[in-house]
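Heads up: the structure comes next, in structure tokens.
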There are 2 protein chains.
Amino acid sequence: MGKKIFEKNENIENCPVRNVIDRIGDKWSMLIILLLAEEQVLRFNEIHKCIGTISQKMLTVTLKSLESDGLVKRTVFPQIPPKVEYELTHRGKSLLPHLLALTEWANNNMSDIKASREQYEKVNA
Amino acid sequence: MGKKIFEKNENIENCPVRNVIDRIGDKWSMLIILLLAEEQVLRFNEIHKCIGTISQKMLTVTLKSLESDGLVKRTVFPQIPPKVEYELTHRGKSLLPHLLALTEWANNNMSDIKASREQYEKVNA
DNA sequence: CGGCATCCAGATGGATACTG
DNA sequence: CAGTATCCATCTGGATGCCG
């Protein structure tokens, strides 16, 4: 297996893996990245409509987080009413293949995982 | 880009991607999977020592979750004092390449991401 | 239109004590 | 050794209302 992912007693809070998963692993980031990957460029309210169940607050918070990590580019058009467009950056696009791989794995394994969960519940009843 | 990841107004809570990320995205699951991938088989307290900062409770909870999803196999040796071993299942191992890919991406991009965050903070001061 | 501020419920997870 | 049980602090995220 070669190089160690992390050494024992290392400060795990600071390891890059956790740091990335902390962002990707929240409730909405991954969905937004996948959506932007499909649609290329979207306005705030377009994203909001596509992900009907997200609140305005969480959409704002998540987009800010993605922007601050340099995964999403935010373009403001200074007009009234305002217009803001979002799209993936190069860095965001470079993350995409891995997310798509995870997505595919999820689609392939979800029914088995659900069966495992139900079996587990039944045994530990 | 071909097939849609998710259709608009689809029930996002039930999509496989989110369902997987919900597990992987918690505080400890991914670390435990990576650790088991390296060490093959570990006892409860061995994992605990390797991940010094995890509480006993969260280790139990996380291992149960991974076991119920069929990603980790739990073997109890009926002896006193008890001995329990944990290892990845085939399904768990099949997830591994994607996690390693994410890990590598994280290592390659972390310094740039940190720089972006600091830059973002500076601009929005 | 694209936010921000505030308040609040529920989920997550840590500390501690106890057990077979 | 490998847990379980309980309590509690913090974090996440939803609802609502206001603003340029």
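Chain letters run A, B, ... following the sequence lines, proteins first, then strands; residues in each count from 1. Here the structure is a predicted model, which is why all the values come from computation and not from measurement.
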Quiz item: Along DNA chain C, 5' to 3', what are the outermost nucleotides having an atom less than 4.0 Å from a heavy atom of chain B?
Solution: C:dG13 to C:dG20
Which whole-number value in Å describes the distance from [X] [atom1] to [N] [atom2]?
X	N	atom1	atom2	answer
B:Leu59	D:dC1	CG	P	14 Å
B:Lys27	D:dC11	NZ	C1'	10 Å
A:Lys57	D:dA15	NZ	P	11 Å
B:Asp22	D:dT12	CG	P	15 Å
A:Gln56	D:dC19	CD	P	15 Å
B:Tyr86	D:dC1	OH	P	14 Å
B:Glu85	D:dC1	CD	P	14 Å
B:Arg74	D:dA2	CZ	C1'	8 Å

Quick one: does any side-chain atom of [X] pair with a main-chain N or O of [Y] as donor and acceptor, under 3.5 Å?
X	Y	result
A:Arg91	A:Asp69	yes
A:Thr89	A:Leu71	yes
A:Ser65	A:Val61	no
B:Ser29	B:Arg23	yes

Quiz item: On DNA chain D, nearest-nucleotide positions of A:Pro82 versus A:Met58: which is more 5'?
Solution: A:Met58
Quiz item: In terms of ring plane angle, is the pair B:His98 and A:Trp105 parallel, tilted or perpendicular, where the classes change at 30° and 60°?
Solution: perpendicular
Practice problem: Look at all strands and tell whether A:Phe77 reaches a base, only sugar-phosphate, or nothing, counting heavy atoms closer than 4.0 Å. | Solution: nothing
Exercise. Starting from the 5' end of DNA chain C, give me the residue, A:Phe44 or B:Pro81, whose nearest nucleotide shows up first.
Key: A:Phe44
Quiz item: So B:Asp26 and A:Ile21, side chain to side chain contact (heavy atoms under 4.5 Å, CB included) or not? Walk me through it.
Solution: CA-CA 8 Å; B:Asp26 72 356; A:Ile21 297 297; over 6 Å; no
Quiz prompt | All salt bridge (Lys or Arg N to Asp or Glu O under 4.0 Å) counterparts of B:Glu104, not counting sequence neighbours | solution = none
Self-check item: Among D:dA2, D:dA15, D:dT4, the one nearest B:Lys64 by side-chain distance
Solution: D:dT4
